[in-house]
Amino acid sequence: PTAKSTAGARALMQLMPETAAAVMRVKKLEPEKLFEPELNIRLGTKHLRDLLDQYKGDKVAVIASYNAGAHNVNRWKKIYGGLARDEFVECIPFGETRDYVKKVLAAEAVYRRLYSLK
C-alpha cells in the first residue's frame, strides 16, 4: 500500500494523483490520501470500469490506457486502430506499456485456464 513509482503513481492500484482526482470529479486530491488502501482500490476499480466503458470492452485499449493514459491510447488508435490486436500491441511506442499489456493479457490467460473460464 505504500508503493510509489518513479512517475508518481501511488499505492496498490498505482494511481496518479491527477487520475484519482478526475475519477473523484474533484480539481485536486491530496496525493497522500492515495496510500489509504480502501480509497486507492475503490478509485482504481472505478477507473478501470470507466475505461472499460470508454473503450467498449477493448481490453488492449483499457490495459494500455491504465498504464499510459487515455490521451496516448486515443492517439495510437488513430494511427494503428486498423491493425489486428497483436499487431496493435507491438506498435505501442512505449516499451513499458507494450510489456505491461503483454504481461496482463498473459496473466489473464493463465487465470482463465486455471479456473476453466471461457
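Atoms considered below: every heavy atom in the structure, side chains included; atoms not considered: hydrogens, waters and symmetry mates. Quick caveat, the model's predicted, so the values are computed rather than measured.
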List the steps and the verdict of side chain to side chain contact (heavy atoms under 4.5 Å, CB included) for Asp58 and Lys77. CA-CA 11 Å; Asp58 177 349; Lys77 285 178 74 72; 3.2 Å; yes
State which residues pass side-chain contact (heavy atoms from CB on, under 4.5 Å) with Ala84; sequence neighbours excluded, sorted by chain then number.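 Expected list: Asp86, Glu87.
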Among residues at least two apart in sequence or on other chains, which ones pass side-chain contact (heavy atoms from CB on, under 4.5 Å) with Ala70?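 For Ala70, the residues satisfying side-chain contact (heavy atoms from CB on, under 4.5 Å) (neighbours in sequence not counted) are Gln54, Tyr55, Ser65, Asn74.
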The criterion is side chain to side chain donor-acceptor pair (under 3.5 Å); which residues satisfy it with [X], sequence neighbours excluded?
X	value
Thr97	Asn67
Glu36	Lys33
Arg85	none
Asn72	Arg75

Pairs under 3.5 angstrom only: tabulate donor-acceptor contacts from the side chains of residues 43-50 to other protein residues two or more places apart or in another chain.
{"unit_1": "Thr45", "atom_1": "OG1", "unit_2": "Ile41", "atom_2": "O", "d": "2.9"}
{"unit_1": "Thr45", "atom_1": "OG1", "unit_2": "Arg42", "atom_2": "O", "d": "3.1"}
{"unit_1": "Lys46", "atom_1": "NZ", "unit_2": "Asp50", "atom_2": "OD1", "d": "3.0"}
{"unit_1": "Lys46", "atom_1": "NZ", "unit_2": "Asp50", "atom_2": "OD2", "d": "3.1"}
{"unit_1": "Arg49", "atom_1": "NE", "unit_2": "Asp53", "atom_2": "OD1", "d": "3.3"}
{"unit_1": "Arg49", "atom_1": "NH2", "unit_2": "Asp53", "atom_2": "OD1", "d": "3.1"}

ring-ring contact (aromatic ring centres under 6.0 Å, His included): which pairs involve residues 17-45, sequence neighbours left out?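 Listed by first then second residue: nothing to list.
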Which residue pairs pass the ring-ring contact (aromatic ring centres under 6.0 Å, His included) test with at least one member in residues 95-114, sequence neighbours excluded?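 Sorted pair list comes back empty.
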For Phe94, what residues pass the ring-ring contact (aromatic ring centres under 6.0 Å, His included) criterion, not counting sequence neighbours?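 Partners of Phe94 under the ring-ring contact (aromatic ring centres under 6.0 Å, His included) test: Trp76.
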Identify every side-chain donor-acceptor pair in residues 10-26 under 3.5 Å, counting partners at least two apart or on other chains, and give the distances.
{"unit_1": "Arg10", "atom_1": "NH1", "unit_2": "Gly8", "atom_2": "O", "d": "2.7"}
{"unit_1": "Gln14", "atom_1": "NE2", "unit_2": "Ala11", "atom_2": "O", "d": "2.8"}

Is there side-chain contact between Leu105 and Val60, with heavy atoms separated by less than 4.5 Å?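 In contact.
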To the closest 0.5 Å, what do you measure between CG (Leu39) and CG (Leu34)? 6.0 Å
For residues 94-107, the salt bridge (charged side-chain N to carboxylate O under 4.0 Å, His left out) pairs (sequence neighbours left out) are Glu90-Lys102
